[in-house]
Undergrad: 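What follows is a structure written as structure tokens; I'll ask about it next.
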Amino acid sequence: MATTVQTGAAVQQQAEQYGNSRVTELIYRVLLYGAVVMGGIVFAIPFYWMMRTSVMPTTQVYLFPPEWWPERFEWHHFKTPFAVFPFAKFFLNSTFIAAGSAIGAALSSSVVGFSFARLRFPLRDIMFVVVLATMILPEHVRLVPTYLLFVQLDWIGTYRPLIIPNWFAPAFYVFLMRQFFMTIPRELDDSAMIDGCNPIGLYWRIHMPLSLPALGVVIIFMVTSQWNDFLYPLIYIQGVPNYTVALGLRLFEGHMTNNMQALMAASILGVLPTIILFFFAQRYFVQGIVVSGVKG
């Protein structure tokens, strides 16, 4: 009888502990999701403010305290950038630069990253450290030497200085690809080698199909950086028809200083492609970031 009572007390105690753990987990999740939602709202406020201003009547834009909802929607401000400057051409120019840079960076960094992760050659680790050390060097330090080099190559006024350097394996993307390739089991390499696969076939047939998440990260990062880049297009591009979206926005800002709605509409149009890209590729982005940092 005493044993039965003790067993019942133990079961009751375990049930209470289980219930307490469930309550604790529920409270933790509520607090976590609440913090995420609040953080998302805080970061979304600037974009909402841009959107709200772009469709708001002029009489409401400068009111204080500000109004969060327009009394009527004026969508014609989104046509103004295309009517004043050739923004369609700006978008095509930025797309060409971003796509060319992303393809080159993805291919070259995957080849170099595969070499550092899978091939054995003298001074491999030292060379990898040297590649990583190039990330420490500020971009502005290389600005004058690279400009003089492109002057000698007669590339000024073209898109080549913005695209071709990215075809030579940027160090950060090499690091990402190497980290990803190191997570792939070496048994796959051994099996492919037994079947007669050489290193080139091993890279192209085995590792490249498995590295789509990491390649997606490289493409997203490169497209975003090239799309938003202002300094280098300002230095190397000549002529308004050849401008990118970033330069076009600055030109539009100087021309439409008093039209806040048109400025906000142009800004939304400028960031919209990168938002769409991230929306459709976020699965690869998150997976690539997580897996690339698993193994060093």
Undergrad: Any heavy-atom pair between the side chains of Ile103 and Trp167 that's under 4.5 Å?
TA: yes
Undergrad: If every non-hydrogen atom of Ile206 is compared with every non-hydrogen atom of Leu210, which pair is closest and at what distance?
TA: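 In terms of heavy atoms, the two residues are closest at O-CG, 3.3 Å.
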Undergrad: Would you sort out whether Asn259 and Leu263 count as a side-chain contact (heavy atoms from CB on, under 4.5 Å), showing the intermediate values?
TA: CA-CA 6 Å; Asn259 194 336; Leu263 289 176; 5.6 Å; no
Undergrad: Give a yes or no on whether the backbone of Ala265 and the side-chain of Ser54 come within a donor-acceptor separation of less than 3.5 Å.
TA: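 Absent.
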Undergrad: Testing the basics here: between Ala117 and Met182, what is the closest heavy-atom pair and its distance to 0.1 Å?
TA: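 Between these two residues, the closest heavy atoms are CB-CG, 3.8 Å.
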Undergrad: Indicate if Val240 and Leu269 have the same hydrophobic cluster label, given that clusters are the connected sets of ILVMFWY residues with side-chain heavy-atom separations under 4.5 angstrom.
TA: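 Linked, Val240 and Leu269 end up in one cluster.
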Undergrad: Should the heavy atoms of other residues, nucleotides or ligands under 6.0 Å from CZ of Arg124 be counted, would the total exceed 12?
TA: yes
Undergrad: If every non-hydrogen atom of Ala246 is compared with every non-hydrogen atom of Asn228, which pair is closest and at what distance?
TA: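 Minimum heavy-atom contact is CB-O, 4.3 Å.
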Undergrad: Quick one: closest heavy-atom pair of Pro57 and Glu71, and the distance?
TA: CG-CG, 4.0 Å
Undergrad: What do the steps show when you test Met177 against Leu215 for side-chain contact (heavy atoms from CB on, under 4.5 Å), and what is the final call?
TA: CA-CA 8 Å; Met177 296 304 301; Leu215 290 174; 3.8 Å; yes
Undergrad: Could you tell me whether the side chain of Gln226 and the main chain of Leu162 form a donor-acceptor pair under 3.5 Å?
TA: yes
Undergrad: Take Phe87 and Phe90, measure what ring pair (Phe, Tyr, Trp, His ring centres under 6.0 Å) needs, and give me the verdict at the end.
TA: CA-CA 5 Å; Phe87 260 84; Phe90 297 164; 5.2 Å; yes
Undergrad: Counting only heavy atoms not in Leu137 (residues, nucleotides, ligands), do more than 12 fall under 6.0 Å from its CG?
TA: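 Above 12, so yes.
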Undergrad: What's the spacing between Met135 CE and Leu132 CG if we round to 0.5 Å?
TA: 4.5 Å
Undergrad: Are the side chains of Met208 and Tyr203 in touch, meaning some heavy atoms are under 4.5 Å apart?
TA: yes
Undergrad: Give the cluster check for Phe121 versus Val131: same hydrophobic cluster or not, with ILVMFWY residues linked at side-chain heavy-atom distances below 4.5 Å.
TA: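 Phe121 and Val131: one cluster.
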Undergrad: Decide yes or no for Ser191 and Cys197: does some side-chain heavy atom of the first lie under 4.5 Å from some side-chain heavy atom of the second?
TA: no
Undergrad: Are Trp155 and Leu231 co-members of a hydrophobic cluster defined by side-chain heavy atoms under 4.5 Å apart?
TA: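 As far as the 4.5 Å side-chain criterion goes, Trp155 and Leu231 are connected within one cluster.
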Undergrad: With side chains defined as the heavy atoms from C-beta onward, is the minimum distance between Leu202 and Met193 less than 4.5 Å?
TA: yes
Undergrad: Applying the side chain to side chain contact (heavy atoms under 4.5 Å, CB included) test to Leu249, which of Leu247, Val245, Leu251 qualifies?
TA: Val245
Undergrad: Indicate the atoms forming the closest heavy-atom contact of Ala262 with Pro81, along with that distance.
TA: O-CG, 4.3 Å
Undergrad: Would you say Ser110's side chain and Leu107's backbone share a donor-acceptor pair under 3.5 angstrom?
TA: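 Side chain of Ser110 to backbone of Leu107, a donor-acceptor pair under 3.5 Å: yes, one is there.
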Undergrad: Taking everything shown except Arg186 itself, do over 12 heavy atoms lie less than 6.0 Å from its CZ?
TA: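 Result for CZ/Arg186: enclosed.
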Undergrad: Do the ring planes of Trp68 and Tyr48 sit parallel (below 30°), tilted (30 to 60°) or perpendicular (above 60°)?
TA: parallel
Undergrad: Quick one, Ser109 and Leu176 - any side-chain contact, counting heavy atoms below 4.5 Å?
TA: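 Answer no - side chains too far apart.
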Undergrad: Can you label the angle between the Trp75 ring and the Phe73 ring as parallel, tilted or perpendicular, going by 30° and 60°?
TA: parallel
Undergrad: Any chance CG of Asp154 has more than 12 other-residue heavy atoms, nucleotides or ligands included, within less than 6.0 Å?
TA: no
Undergrad: Where do Trp227 and Val271 land on the side-chain contact (heavy atoms from CB on, under 4.5 Å) test, with the steps shown first?
TA: CA-CA 9 Å; Trp227 188 273; Val271 302; over 6 Å; no
Undergrad: Does Arg250 count as lying over the ring of Phe230, i.e. NZ or CZ under 6.0 Å from the six-ring centre, within 45 degrees of the axis?
TA: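 So Arg250 doesn't make the cation-pi contact.
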Undergrad: When hydrophobic residues are tied together by side-chain contacts of less than 4.5 Å, even through go-betweens, does Ile126 share a cluster with Phe116?
TA: yes
Undergrad: Counting C-beta onward and ignoring hydrogens, is there a side-chain heavy-atom pair between Ile237 and Asn93 closer than 4.5 Å?
TA: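 Heavy-atom side-chain distance check fails, nothing below 4.5 Å.
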Undergrad: Any chance CE of Met127 has more than 12 other-residue heavy atoms, nucleotides or ligands included, within less than 6.0 Å?
TA: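 Incorrect, the count does not exceed 12.
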Undergrad: CG of Leu26 to OH of Tyr28: how many Å apart, nearest 0.5 Å?
TA: 13.0 Å
Undergrad: Roughly how far, to the nearest 0.5 Å, is OG1 of Thr134 from CZ of Arg142?
TA: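 Answer rounded to 0.5 Å: 7.0 Å.
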Undergrad: Could you see if Val174 belongs to whatever hydrophobic cluster contains Leu123? Use Ile, Leu, Val, Met, Phe, Trp, Tyr and a side-chain cutoff under 4.5 Å.
TA: yes
Undergrad: To the nearest 0.5 Å, what is the distance between OH on Tyr232 and OG1 on Thr244?
TA: 14.0 Å
Undergrad: In sequence, state the C-alpha distance, the side-chain angles, and the governing distance for His207 and Asp189, and then conclude on side-chain contact (heavy atoms from CB on, under 4.5 Å).
TA: CA-CA 9 Å; His207 286 261; Asp189 298 13; 3.0 Å; yes
Undergrad: So how far is it from Phe175 CZ to Phe180 CZ, rounded to the nearest 0.5 Å?
TA: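 It is 14.0 Å, given to the nearest 0.5 Å.
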Undergrad: Could you pull out the closest heavy-atom pair between Gly113 and Phe181, with the gap in Å?
TA: C-CD1, 3.7 Å
Undergrad: Roughly how far, to the nearest 0.5 Å, is the CZ atom of Phe172 from the CZ atom of Phe221?
TA: 5.0 Å
Undergrad: What I'd like to find out is whether the side chain of Val217 reaches to under 4.5 Å of the side chain of Tyr173, using heavy atoms alone.
TA: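 No; the side chains remain at least 4.5 Å from each other.
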Undergrad: Kindly indicate whether the side chain of Ser211, heavy atoms from C-beta on, has any atom under 4.5 Å from the side chain of Phe114.
TA: no
Undergrad: So Phe150 and Tyr236, would you call those rings parallel, tilted or perpendicular, with 30° and 60° as cut-offs?
TA: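 Rings of Phe150 and Tyr236: perpendicular, as their planes differ by over 60°.
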